[in-house]
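Down below is the structure, laid out as structure tokens.
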Amino acid sequence: MANVYVEEIARYSGQTVTLRGWLYQKRSSGKLQFLQVRDGTGTIQCVVERSLVGEEFFALADRLTQESAIMVTGTVQEDKRSPLGFELHVTDLQLVHEALDYPISPKEHGTGFLMERRHLWLRSSRQHAILRVRHQLIRAIRDFFDSAGFTLLDAPIFTPAACEGTTTLFQTDYFGQPAFLTQSGQLYLEAGAFAFGKVYCFGPTFRAEKSKTRRHLTEFWMVEPEVAYLDLAGDMDLAEDFLESIVQNVIEHRGAELKFLERDLTLLERVRKPFPRISYQEALDLLQAKGKEISWGQDFGGDEETLISENFDRPVLIHRYPAQCKAFYMKNDPADPRLALCLDVLAPEGYGEVIGGGQREDDLETLEKKIADHGLPREAFEWYLDLRKYGSVPHAGFGLGLERTVAWICGLPHVRETIPFPRLLDRLKP
RNA sequence: UCCCCGGUAGCUCAGUCGGUAGAGCGGGUGGCUGUUAACCACUUGGUCGCUGGUUCGAGUCCGGCCCGGGGAGCCA
């Protein structure tokens, strides 16, 4: 008997096959029982008829509890009543393991309760859909850079010092020395860009900020490309191509999951270049026209980001923020040194900043001064300064936050469901 | 760190003016040959977050603490 998966069931129409999975839900109607069986690739309704399987198997099916592991053998039949299009008419049933008192019932639960049981919550169809979108997005990101000639260059996770100095880092004891968990692969990627031309890294990032909002995790995944001989204009082109490509890729390959999540796909289909590009000054004018009290030099918070993105039907690129808002490694605009050659991309619908990046400072003396001005320990940055001594060229890149992007694509109100095991300010378990 | 909201059955919640602790779901038992969060009947189920106070009497009012959720700052 062939062992098959639910996602390939259509190929076995009319044949007798065996599914190996778990009981998701059960309904009975006298002499009939309907078992919803999931196997990780999908869920199918298995029909147990007393006259077909006999008393023994029918009684077994009647006793089955939610999430018990079972092997079901039966005939695949096309059925218009099934959302999948097929049902399995059971001829044989085996209990592999009986699950007693599964804590997550098919009815409503709060996110706190479910998060405590995240290891089990992953089995539910909604989480399944979200995490399959996440997987596809990761594939799309890798495909984009791999097919554009980028080399994957992993940045270290243990680092000797802060990349940006402004945010709080997780400190660990590294054989008696302090070491920090990375908050960005950026500086290492600059070394990579001068070695390989076009590089990207894709890994976990850690921020010990005490942020309690729907947009923050303490551990999240970030993809960061970095390219030699690229200026801000080129960086904006890259960000635009990249974002269009990955969003359209996910729509194409995970449309069913997005529909299950009741995502309005027309909003995502509009993510086509060109994206609007406005300067910080223009964004500021826009905010002030809307009555927001904000003055030049202030960074935008969540409210401001939402107000700006409301004006556009697709992601909006904001460039040239005041240098004081940005990290030390950003290059200043030669046309107006008060400004940094940086870019942020705000997702529509109030999802906020999904990309941040810009052109890097490539002049040795200027960079030395910036490190000093930010009060950073020079010793930790000697290797970084070396990059400006030996063949320094203009270069640029950006970082995209994976979980915020998944939340936006799926239309979720909170990032915590976009990662299998979220790490939040007050949550380290499971 | 600050501000706001919450904690009552396994889960989601209601509980009026301070006066005997409630519903739906889940679990259990029975019924039903096409159910889609199935339905119907019966049934099970409580340290009202903890602690101190006010009161004849506190889930309800007051103080302190603990835990959870949302937001601010900061950021992706």
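If you're wondering where the values come from, they're calculated on a predicted model, not measured in any experiment. Atoms considered below: every heavy atom in the structure, side chains included; atoms not considered: hydrogens, waters and symmetry mates. First the proteins, then the strands, lettered A, B, ... as listed; each starts at 1.
Remark: ring of A:F34 not stacked against base of B:G34; the cut-offs of centroid gap under 5.5 Å and plane tilt under 30° are not jointly satisfied.
Using a cut-off of 4.0 Å between Lys/Arg side-chain N and Asp/Glu carboxylate O, A:K31 and A:E49 are scored as not salt-bridged. No salt bridge links A:E403 with A:R416; every basic N to acidic carboxylate O contact stays at or beyond 4.0 Å. Checked for salt-bridge contact, A:R63 and A:E98 miss the test: no charged N lies under 4.0 Å from a carboxylate O. Between A:K326 and A:D344 a salt bridge is recorded (basic side-chain N to carboxylate O distance below 4.0 Å). With respect to A:E67 and A:R38, a salt bridge is recorded, a charged nitrogen being found less than 4.0 Å from a carboxylate O. Looking at A:R126 and A:E417, a side-chain N of the basic residue comes within less than 4.0 Å of a carboxylate O on the acidic one, giving a salt bridge. Taking the charged nitrogens against the carboxylate oxygens, A:D373 and A:K369 do have a contact shorter than 4.0 Å, which makes a salt bridge.
In this structure, A:Q66 reaches neither bases nor backbone, as no heavy-atom distance under 4.0 Å exists between it and the strands shown. Here A:R215 lies in heavy-atom contact (under 4.0 Å) with a base. A:G112 comes within 4.0 angstrom of no nucleic acid atom, judged by non-hydrogen atoms across all strands. Using a 4.0 Å heavy-atom criterion, one finds that A:S28 contacts the bases of the nucleic acid, with or without backbone contacts as well. Across all strands shown, A:F220 has heavy atoms under 4.0 Å from base atoms, whether or not it also approaches the sugar-phosphate. Heavy atoms of A:D101 sit nowhere under 4.0 angstrom from any nucleic acid atom. Within 4.0 Å of A:H89, counting heavy atoms only, lies at least one base atom of the nucleic acid.
Counting distance only, with no hydrogens placed and no angle test, the side-chain atoms of A:H216 and the base atoms of B:C75 include a donor-acceptor pair under 3.5 Å. Residue A:Q45 places a side-chain atom within donor-acceptor reach of the base of B:U35, judged by atom type and a 3.5 Å distance cut-off alone. Not a single donor-acceptor contact under 3.5 angstrom links the side-chain atoms of A:R117 to the base of B:C11. The base of B:G34 is not paired with the side chain of A:E49 by any donor and acceptor separated by under 3.5 Å.
Listed nucleotides: B:G70, B:G73, B:A76. Nearest to the side chain of A:L217: B:A76. Which of B:A76, B:C11, B:C75 sits closest to the side chain of A:E305 comes down to B:C75. Closest contact between the side chain of A:K210 and the listed nucleotides B:U1, B:A37, B:C75 involves B:U1. Of the candidates B:G34, B:U12, B:A76, B:U12 carries the atom nearest the A:F113 side chain, counting heavy atoms from C-beta on. With B:U1, B:A72, B:U35 as the choices, the nucleotide that has an atom nearest any side-chain atom of A:D303 turns out to be B:A72.
Pair check for B:C39 finds B:G31; Watson-Crick or G-U wobble, both atom distances under 3.5 Å. The partner of B:C65, taking Watson-Crick or G-U wobble pairs whose two distances both stay under 3.5 Å, is B:G49. Base-pair partner of B:A72: B:U1 (Watson-Crick or G-U wobble, both distances under 3.5 Å). The partner of B:G59 cannot be assigned: no Watson-Crick or G-U wobble pair with both contacts below 3.5 Å exists in any strand. Pairing of B:U20, defined by two Watson-Crick or G-U wobble distances under 3.5 Å, is not identified with any nucleotide.
Only the C1' atoms considered, B:C39 is 29 Å distant from B:G46, to the nearest whole Å. The same atom, C1', is picked in B:U55 and in B:C61; the two are 10 Å apart, to the nearest Å. Rounded to whole Å, the separation between the C1' atoms of B:U1 and B:G73 comes to 9 Å. Rounded to whole Å, the separation between the P atoms of B:G68 and B:U12 comes to 15 Å. Only the C1' atoms considered, B:G26 is 29 Å distant from B:C66, to the nearest whole Å. When the C1' atom is used for both B:G18 and B:G28, the distance is 37 Å, rounded to whole Å. For the P atom pair drawn from B:G30 and B:C13, the interatomic distance equals 33 Å after rounding to whole Å. One C1' atom belongs to B:A14, the other to B:G22, and the distance between them is 7 Å to the nearest Å.
Remark: P of B:G10 and CD1 of A:I104 are 17 Å apart, rounded to the nearest angstrom. Remark: C1' of B:A76 and OH of A:Y200 are 19 Å apart, rounded to the nearest angstrom. Between the CZ atom of A:R423 and the P atom of B:C75 there is a distance of 25 Å, given to the nearest Å. Between the P atom of B:C2 and the CG atom of A:L425 lies a distance of 13 Å, rounded to the nearest Å. Atom NE2 in A:H414 sits about 18 Å away from atom P in B:A76, given to the nearest Å.
Between A:R27 and A:K31, the one whose closest nucleotide on RNA chain B sits nearer the 5' end is A:K31. Residue order along RNA chain B, read from the 5' end via each residue's closest nucleotide, puts A:H109 first among A:H109 and A:S105.
The side chain of A:R427 contributes no N or O atom lying less than 4.0 Å from OP1 or OP2 of B:G68. For B:G70, one of the phosphate oxygens OP1 or OP2 lies less than 4.0 angstrom from a side-chain nitrogen or oxygen of A:R416.
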Kindly list each side-chain donor-acceptor pair under 3.5 angstrom involving residues 242-251 of chain A, sequence neighbours excluded, with atom names and distances?
from	atom 1	to	atom 2	distance (Å)
A:E244	OE2	A:K273	N	2.9
A:Q248	OE1	A:R272	NH2	3.4
A:Q248	NE2	A:L268	O	3.3
A:Q248	NE2	A:V271	O	3.1
A:N249	OD1	A:Q136	NE2	2.9
A:N249	OD1	A:H253	ND1	3.2

